[in-house]
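Atoms within a ligand are numbered from 1 in the order they appear, just like the ligands themselves. Reckoned from all heavy atoms, side chains included, excluding hydrogens, waters and symmetry mates.
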Amino acid sequence: MKEHIQEQFKNRFGTDSVVYASAGRINLIGEHTDYNGGFVFPGAIDKYIMAAININGTDKVRVYSMDMDAYSEFGLNEEDAPQEQWARYIFGVCRETIKRGGVVKGFDTVFAGNVPLGAGLSSSAALESCFAFALNDMFNDNKIDKFELAKIGQSTEHNYCGVNCGIMDQFASVFGKKDCLMRLDCRSLEHEYFPFHPEGYKLVLLNSKVKHELVDSPYNKRRESCERVAAKLGVETLRDATYTMLADIRDQLNDEDYRRARFVIGEKQRVLDVCDALERGDYETVGRCMFETHDGLSRDYEVSCEELDYLNDVARECGVTGSRIMGGGFGGCTINLVKEDRYDNFIATAKEKFNKKYGHEPEVINVIISDGAHKVED
Ligand code: GLA
């Protein structure tokens, strides 16, 4: 991909370029916990956004998206925001870097990627992290620390793209390390790398191809529910809430808010249980927690959809160890932990049954846990 992007860059802008990349992510467990101060357990994957970049000596950014065959040009002041939604991700990263005292000057760029869009694999975080990393390297001698790079991406979502997301996706994209999942405490930002080699198991994603679109979505509403319950409890986030505390104020909450909070409290504990189980090599417990998460996301948090619930049912029927909807929800993928000897049957059955019911097969996405944001050397 690198040579192809650099060639396109040269054709369009006439100069050489430097290439940067950042990754999409999976999350084994810990969904909708990040903005509640809880724990998440993601890893970067071998699906990237890659950008060829060169400083252009002007005060303008000129961007070409190969995948969309679309071009945009914008200045670096707040009033220069581009109209195109896709270009606002890059504009936002420039602005958030500048707001933090970082230097950004005009540059040309061509980018492309293989992170499936709208599949819950955080293609937008990969795009943000790629540019946050690149601007730090090109203009700031890498003085901006890695957490700040992740926050630049997160603030871009908040301030320029309308998604009030947590820190998980950008964290995973920036901090990702080959063969490791990472447990992040989203309150203290302490994090730990867990080597992930599930001997005898495979991790596979099934993309329902139901498009997930978090912009202007009920995602922000979920967050508001959690914040309302936290305020009622007098705690900063649901990280500090327990089932008992929630039961005590149940009659002051509407049913929806109650169920949202109930899910978050359970999910917070499940991340810790899964980490302990992994250290013991106890994949049965990991899998059971994944199914519990799916049920909670479907019934209490209500971010699943018919197609994803169906894929989850098929996984159960096929004796898959663990399966659940992954990411923000409202479409996208399930993540499945499946014993190697059950893998072929599971994939064949899921394809056949899903196709019969919905008229197309789910896309099978095998992932390798990989490095996050980096400069792509020759
Ligand atoms: C999206 C958000 C993340 C996180 C997940 C749900 O991916 O960007 O911050 O909240 O949903 O776990």
Side-chain angles (χ1 to χ4, degrees), residues 22-45 47 89 92 115-129 132 147 150-176 181-187 189 191 205 207 211-227 237-239 260-261 263-268 270-271 274 289-290 292-294 296-298 300-305 308 324-335:
S22 200
R25 62 105 188 87
I26 55 151
N27 183 29
L28 190 64
I29 199 140
E31 224 60 90
H32 292 275
T33 44
D34 56 355
Y35 53 82
N36 284 301
F39 300 94
V40 292
F41 201 33
I45 55 173
K47 309 270 178 266
Y89 290 99
V115 191
L117 300 181
L121 299 181
S122 298
S123 51
S124 59
L127 180 60
E128 291 147 9
S129 304
F147 267 113
K151 287 181 188 165
I152 284 171
Q154 183 192 22
S155 303
T156 295
E157 297 277 352
H158 291 186
N159 300 329
Y160 299 94
C161 307
V163 182
N164 221 349
C165 66
I167 192 73
M168 169 169 74
D169 304 347
Q170 292 78 10
F171 163 80
S173 191
V174 171
F175 282 78
L181 296 180
M182 302 167 284
R183 183 176 68 196
L184 172 70
D185 177 335
C186 299
R187 181 160 67 183
L189 296 185
H191 57 290
L205 309 179
N207 184 3
K211 275 280 178 214
H212 114 140
E213 183 57 87
L214 292 187
V215 178
D216 284 334
S217 81
Y219 178 92
N220 293 348
K221 295 245 160 17
R222 298 299 182 279
R223 185 170 182 157
E224 285 159 23
S225 278
C226 295
E227 288 170 355
T237 60
L238 290 182
R239 163 71 173 268
R260 307 296 188 247
F263 166 76
V264 171
I265 294 169
E267 185 71 354
K268 180 176 70 172
R270 274 191 291 274
V271 181
V274 161
C289 289
M290 290 170 76
E292 280 172 24
T293 295
H294 184 89
L297 285 172
S298 179
D300 277 352
Y301 223 67
E302 294 180 286
V303 293
S304 188
C305 61
L308 288 163
R324 66 177 195 81
I325 178 174
M326 190 185 73
F330 315 105
C333 292
T334 58
I335 178 169

Can you give me the closest heavy-atom contact between Ser124 and Tyr89, atom names plus distance?
CB-CE2, 3.5 Å
Per-atom filter on ligand 1: closer than 4.0 angstrom to a heavy atom of Met168 are 4 (C), 5 (C), 12 (O)
Mode of Arg222 contact toward ligand 1 - side chain, backbone, both, neither (heavy atoms, under 4.0 Å):
neither
For Phe175 and Phe147, take the angle between the two ring planes, folded into 0 to 90°, and tell me which bin it lands in: parallel under 30, tilted 30 to 60, perpendicular over 60.
tilted
Please could you name the atoms of ligand 1 that Asp34 approaches to less than 4.0 Å, counting only its heavy atoms?
3 (C), 4 (C), 9 (O), 10 (O)
Who pairs with Asn159 by side chain to side chain contact (heavy atoms under 4.5 Å, CB included), at least two apart in sequence or on another chain?
Glu96, Lys99, Ser155
Please report the closest heavy-atom contact between Ile152 and Ala132, naming both atoms and the distance.
CG2-CB, 4.2 Å
Sub-4.0 Å atoms of ligand 1 with respect to non-hydrogen atoms of Gly166:
9 (O)
Give the numbers and elements of all ligand 1 atoms closer than 4.0 Å to a heavy atom of Arg25.
7 (O)
Would you please say whether a donor-acceptor pair under 3.5 Å links the side chains of Arg187 and Thr237?
no
Tell me, please, which residues at least two apart from Asn207 pass side chain to side chain contact (heavy atoms under 4.5 Å, CB included).
Ala119, Lys209, Cys333, Glu363, Ile365
Run the numbers for me: atoms of ligand 1, each under 4.0 Å from some heavy atom of Tyr35, listed by number.
10 (O)
Heavy-atom contacts with Tyr219 under 4.0 Å: which atoms of ligand 1 show up? List them by number with element.
1 (C), 2 (C), 3 (C), 4 (C), 9 (O), 10 (O), 11 (O)
May I ask you to list the atoms of ligand 1 that are less than 4.0 angstrom from any heavy atom of Asp169?
1 (C), 2 (C), 3 (C), 7 (O), 8 (O)
Looking at ligand 1, is there an atom of it that comes within less than 4.0 Å of some heavy atom belonging to Glu267?
no
Aromatic ring pairing His32/Tyr301, orientation class (parallel under 30°, perpendicular over 60°, tilted between)
tilted
